[in-house]
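Heads up: the structure comes next, in structure tokens.
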Amino acid sequence: NAGVTQTPKFQVLKTGQSMTLQCAQDMNHNSMYWYRQDPGMGLRLIYYSASEGTTDKGEVPNGYNVSRLNKREFSLRLESAAPSQTSVYFCASSENRGYTFGSGTRLTVV
Amino acid sequence: DQQVKQNSPSLSVQEGRISILNCDYTNSMFDYFLWYKKYPAEGPTFLISISSIKDKNEDGRFTVFLNKSAKHLSLHIVPSQPGDSAVYFCAAIPRGSSNTGKLIFGQGTTLQVKP
């Protein structure tokens, strides 16, 4: 049982480049989330999807877009990466207050 | 504006002793609280939770206490073990958002348990 799988694990981008972070869960959870973790800030919610076909902004959505492709997959896109988006990104899914996190994507924008 | 605060960035305790990690919140609308543990290069993993209608929840070596009047919760680990060394995050769910999750995290506290 894989839980929540994120790809890639590491990525270095140049300023202005675009990329998509992939996330898939195999627990049949309705809700999925993207968080970023920065030193001294904890985890902050970027976007979430309460169910297939719906997405909503979280605390720090600027510079990001998301797609809930189906119930399993929730991707995060950076259209024009900026150094301020250097962070560790975590995808999570939940059902009835039970949350499972992926192992993270460490993104560096130079 | 940090709604969930962990004011101690780090804590060091001796193996076998009690570890107490603290968390304060400012929003009275939180109705569920969770603690997560995170090792380097891994995602957070669930540790223990408590509903706002309770003041204590215990699971093995881990106990969470909730003081609603002080808007404070704490995690007690007894006895502490070297394998407990990790970053601990306090998180809260606002009332009415249980279906969507939207965990609000504190900044985290790094616990080091010395052998």
Side-chain angles (χ1 to χ4, degrees), chain A residues 2-10 21 23-25 27 29-61 66 68 74 87-106, chain B residues 1-10 21-27 30-54 57 59 64 86-110:
Chain A
V4 177
T5 302
Q6 290 183 236
T7 55
K9 291 191 182 302
F10 303 94
L21 281 64
C23 175
Q25 52 97 3
M27 296 167 289
H29 287 170
N30 280 311
S31 300
M32 297 186 73
Y33 315 85
W34 277 104
Y35 285 87
R36 59 178 287 175
Q37 184 194 3
D38 302 293
M41 303 288 288
L43 280 79
R44 292 181 294 168
L45 183 64
I46 305 171
Y47 269 94
Y48 67 99
S49 171
S51 62
E52 184 180 355
T54 69
T55 61
D56 283 288
K57 295 178 180 179
E59 182 185 358
V60 289
V66 290
R68 184 74 183 267
F74 189 39
S87 188
V88 181
Y89 291 84
F90 290 100
C91 177
S93 68
S94 77
E95 196 75 35
N96 297 326
R97 293 172 169 167
Y99 301 85
T100 302
F101 285 82
S103 58
T105 295
R106 185 173 292 275
Chain B
D1 181 31
Q2 193 82 24
Q3 297 185 61
V4 178
K5 300 178 183 180
Q6 294 176 255
N7 293 316
S8 298
S10 62
L21 295 97
N22 294 304
C23 178
D24 297 297
Y25 61 96
T26 58
N27 190 342
F30 290 136
D31 68 349
Y32 201 75
F33 301 89
L34 307 92
W35 283 95
Y36 282 84
K37 176 179 181 179
K38 185 184 177 305
Y39 293 117
E42 295 184 11
T45 55
F46 171 74
L47 196 55
I48 193 169
S49 62
I50 187 167
S51 166
S52 61
I53 63 173
K54 296 186 176 182
N57 188 28
D59 184 2
V64 56
V87 179
Y88 289 79
F89 290 100
C90 169
I93 301 177
R95 188 170 297 122
S97 67
S98 59
N99 288 334
T100 61
K102 292 181 69 175
L103 289 173
I104 310 295
F105 282 88
Q107 306 96 311
T109 296
T110 300

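Atom set for the values below is all heavy atoms of this structure, side chains included, hydrogens, waters and symmetry mates excluded. Proteins come first, then strands; the chains are lettered A, B, ... in the order of their sequence lines, and each starts at number 1.
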Cut-off 4.5 Å, heavy atoms of chain B, and the answer for Q37(A) is side chain
### Steps toward ring pair (Phe, Tyr, Trp, His ring centres under 6.0 Å) verdict (F101(A), F46(B))
CA-CA 9 Å; F101(A) 285 82; F46(B) 171 74; over 10 Å; no
Residues at least two apart in sequence or cross-chain that pass salt bridge (Lys or Arg N to Asp or Glu O under 4.0 Å) with R44(A), listed by chain then number, are D38(A)
Here the gap from F90(A) atom CZ to E42(B) atom CD, rounded to the nearest 0.5 Å, amounts to 9.5 Å
L34(B) and R97(A) have their tightest heavy-atom pair at CD2-O, 4.1 Å
If one checks every heavy atom of A41(B) against chain A at 4.5 Å, the contacting part turns out to be backbone
The side chain to side chain donor-acceptor pair (under 3.5 Å) partners of Y47(A) (sequence neighbours excluded) come to none
Applying a strict 4.5 Å limit to non-hydrogen atoms, the region of P44(B) in contact with chain A is both
Okay, L45(A) and chain B: the region with an atom under 4.5 Å from a heavy atom over there is side chain
> Looking only at atom types and distance, does a side-chain atom of Y35(A) sit under 3.5 Å from a main-chain N or O of L103(B), one as donor and one as acceptor?
Replying inline: yes
